[in-house]
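Below is one structure, written out as structure tokens; the observations come after it.
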Amino acid sequence: RPTPASEAGPGAARAARRLTAALAAGRRVAMFLDYDGTLREIVRDPAAAVPPPELRDLLDRLAAFPGLDVTIVSGRTAADLVRFLGDRTPFGLVAEHGAEIRRPGTDHWRRLDANLDFGWKEQVGRVLALYQRSTPGSHVEDKRTGLVWHYRQADPEFGTWKANQLVDELSIVAANNPVEVRHGRKIVEVASAHVNKGAAVAHVLADRPYDLVLLAGDDTTDEAMFRLAAGDARMTAVRVGDGETAARYRLPSPTAFREFLRAALPGVPAGVARVQPG
């Protein structure tokens with residue numbers, strides 16, 4: 001059943017113990033982790049969301065653990081992820097909610113959206129440009145697979161009011177085009193309906209079997225991942241923060257989620273190369 005926002009996640013300790021037992025037993029474990037709002041706190045300036053030292057240390061520990069494959073699944077562009085995590089990160093990377101995938105330890109990106117039609121971007125772009133001009137502090141980000149209106153630096157009350165107006169207006173566009181309108185944390189995003197995190201995770205999982213899979217995220221774009229866990233005993237889903245969710249477990253903040261991961265690691269072998277900053 002969907003998890004109400006009012007429920008916290010004391011049961012997440014059971015999920016951590018399950019992870020610990022699997023890793024200690026040498027099982028194959030995969031983690032698919034959202035970045036902003038899950039691994040790292042959301043910041044006012046999206047370009048400033050580099051991993052702080054605490055997160056860098058945790059990423060080092062995850063990279064060092066044998067039998068553990070980690071993929072960062074983000075709405076960020078490929079360029080952002082490389083800048084934050086390094087050019088040859090040991091982690092897999094999923095950019096723009098599943099538009100591009102990069103395998104661990106490589107610099108090759110595979111496009112999953114190559115045959116999609118993005119002709120709708122021109123119409124949506126005109127609408128977002130009007131809202132940018134009428135909302136001081138807002139700006140539009142043009143991604144290959146979508147457009148994002150950011151209002152984190154706008155007046156909070158006015159920005160929220162304008163965002164709700166924008167979502168209503170874009171619903172007309174969505175009714176006539178293969179797009180999804182996502183009202184996230186201080187953003188309104190319009191993206192292809194054929195690109196989502198759940199499809200990207202399923203694509204990665206099709207290549208190799210795992211004994212346990214952890215899925216973690218903090219907003220509506222991550223629910224496509226969480227729905228994969230329904231009826232699959234291998235998968236454990238964790239929602240970070242508020243909001244109704246299909247995830248079984250909930251943690252209140254990125255700080256709590258990082259502690260969850262640290263508690264789940266039974267120990268890190270010495271002598272393994274550390275993750276280098278980008």
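Below, each value reflects all heavy atoms present in this structure, side chains not excepted, and no hydrogens, waters or symmetry copies.
Cluster membership for Y151 and I42, using ILVMFWY side-chain heavy atoms within less than 4.5 angstrom, is not shared. By the criterion of side-chain heavy atoms lying less than 4.5 angstrom apart, applied directly or through intervening Ile, Leu, Val, Met, Phe, Trp or Tyr residues, L251 is not grouped with M235; the two fall into different hydrophobic clusters. If you chain together hydrophobic residues whose side chains sit under 4.5 Å apart, L55 and V50 fall into the same group. The hydrophobic clustering, which links ILVMFWY residues whose side-chain heavy atoms are closer than 4.5 Å, places L68 and L85 together.
Listed for the D222 side chain is a donor-acceptor partner under 3.5 Å among the backbone atoms of D218. Panel note: side chain E100, backbone A95; no donor-acceptor pair is recorded below 3.5 Å. Checking side-chain atoms of R76 against main-chain N and O of E96 turns up no donor-acceptor pair under 3.5 Å. Judged purely by atom type and a 3.5 angstrom limit, R258 has no side-chain atom pairing as donor or acceptor with the backbone of E54. Remark: the backbone N or O of S138 is not paired with any side-chain donor or acceptor of T135 at under 3.5 angstrom. In this structure, R152 contributes its side chain and R185 its backbone to a donor-acceptor pair below 3.5 Å. Between the side chain of N177 and the backbone N or O of V179, no donor-acceptor pair lies under 3.5 Å. Of the possible polar contacts, none joining the N176 side chain to the V173 backbone as a donor-acceptor pair under 3.5 Å is found. Judged purely by atom type and a 3.5 angstrom limit, K197 has no side-chain atom pairing as donor or acceptor with the backbone of G217. The main-chain N or O of V140 is found under 3.5 Å from a side-chain atom of Q132 such that the two form a donor-acceptor pair.
Proximity of L39 to I72: side-chain heavy atoms (C-beta onward) are separated by under 4.5 Å at one or more points. For the pair R208/Y210, a side-chain contact is recorded, criterion being any heavy-atom separation below 4.5 Å from C-beta on. Looking at L205 and V213, their side chains come closer than 4.5 Å, going by heavy atoms from C-beta outward. Looking only at side-chain heavy atoms (C-beta outward), V124 and W149 stay at 4.5 Å or farther from each other. Within the 4.5 Å cutoff, no side-chain heavy atoms of F65 are placed close to those of V70. For the pair H203/I101, a side-chain contact is recorded, criterion being any heavy-atom separation below 4.5 Å from C-beta on. L265 places a side-chain heavy atom less than 4.5 Å from the side chain of L62. Between K143 and V148 there is a side-chain heavy-atom pair separated by less than 4.5 Å.
Aromatic ring pairs are classed by plane angle as parallel below 30°, tilted from 30° to 60° and perpendicular above 60°; the pair F257 and F260 is parallel.
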I'd like a table of donor-acceptor pairs (distance under 3.5 Å, sequence neighbours excluded) in which one partner is a side-chain atom from residues 162-170, with atom names and distances.
from, atom 1, to, atom 2, distance (Å)
K162, NZ, S134, OG, 3.2
N164, ND2, T160, O, 3.3
E169, OE1, Y131, OH, 2.9

Under 3.5 Å donor-acceptor pairs involving side-chain atoms of residues 20-30, not counting sequence neighbours:
from, atom 1, to, atom 2, distance (Å)
T20, OG1, A16, O, 3.0
T20, OG1, A264, O, 2.7
R28, NH2, D69, OD2, 2.8

### Message
Could you walk me through whether R61 and D57 satisfy the side-chain contact (heavy atoms from CB on, under 4.5 Å) test, starting with their C-alpha distance in whole Å, then the side-chain angles of each, then the deciding distance to 0.1 Å, before giving a yes or no?
### Response
CA-CA 6 Å; R61 295 186 62 194; D57 179 70; 4.1 Å; yes
### Task
With side-chain contact (heavy atoms from CB on, under 4.5 Å) as the test, would you mind laying out the steps for S74 and L81 before giving the verdict?
CA-CA 8 Å; S74 176; L81 291 177; 3.9 Å; yes
### Task
Kindly determine whether D232 and L228 satisfy side-chain contact (heavy atoms from CB on, under 4.5 Å), including the steps that lead there.
CA-CA 7 Å; D232 191 330; L228 293 177; over 6 Å; no
### Residues L215, V238; criterion side-chain contact (heavy atoms from CB on, under 4.5 Å); working and verdict
CA-CA 6 Å; L215 311 165; V238 178; over 6 Å; no
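For the residue pair Y35 and P51, the shortest heavy atom distance occurs at OH-N, 3.2 Å. In terms of heavy-atom proximity, R262 sits nearest to L58 at CG-CD1, 3.7 Å. Across all non-hydrogen atoms, the minimal contact from A237 to F226 is CB-CD2, 3.6 Å. When all heavy atoms are compared, the tightest approach of A224 to N196 is CB-OD1, 3.7 Å. Counting all heavy atoms, side chain and backbone alike, V94 lies closest to A200 at CG1-CB, 3.8 Å. Nearest approach of A246 to R227, heavy atoms of both residues: CB-CG, 4.4 Å.
To the nearest 0.5 angstrom, L214 atom CG is 10.0 Å from F32 atom CZ. Taking OG1 of T89 as the reference point, atom CZ of R102 lies at 7.0 Å (rounded to 0.5 Å). Note: D142 CG to L147 CG = 5.0 Å, rounded to the nearest 0.5 Å. In this structure, the separation between CE on M31 and CZ on F91 is 10.0 Å, given to the nearest 0.5 Å. Taken from CG in L59 to CZ in R40, the straight-line distance is 11.5 Å, to the nearest 0.5 Å. Distance check, rounded to the nearest 0.5 Å: CZ of R182 to OG1 of T221 gives 6.5 Å.
Listed by chain and number, the residues in a side chain to side chain donor-acceptor pair (under 3.5 Å) with T236 are R18 (sequence neighbours excluded).
For the residue pair T77/E141, the side-chain donor-acceptor check at 3.5 Å is not satisfied. E189 and H183 form no side-chain donor-acceptor contact under 3.5 Å, judged by distance and modelled atom types alone.
Using a 4.0 Å cut-off between charged side-chain N and carboxylate O, R239 and E223 make a salt bridge.
Screening V73, L261, V240 for a side-chain contact (heavy atoms from CB on, under 4.5 Å) with L33, the sole residue that qualifies is L261.
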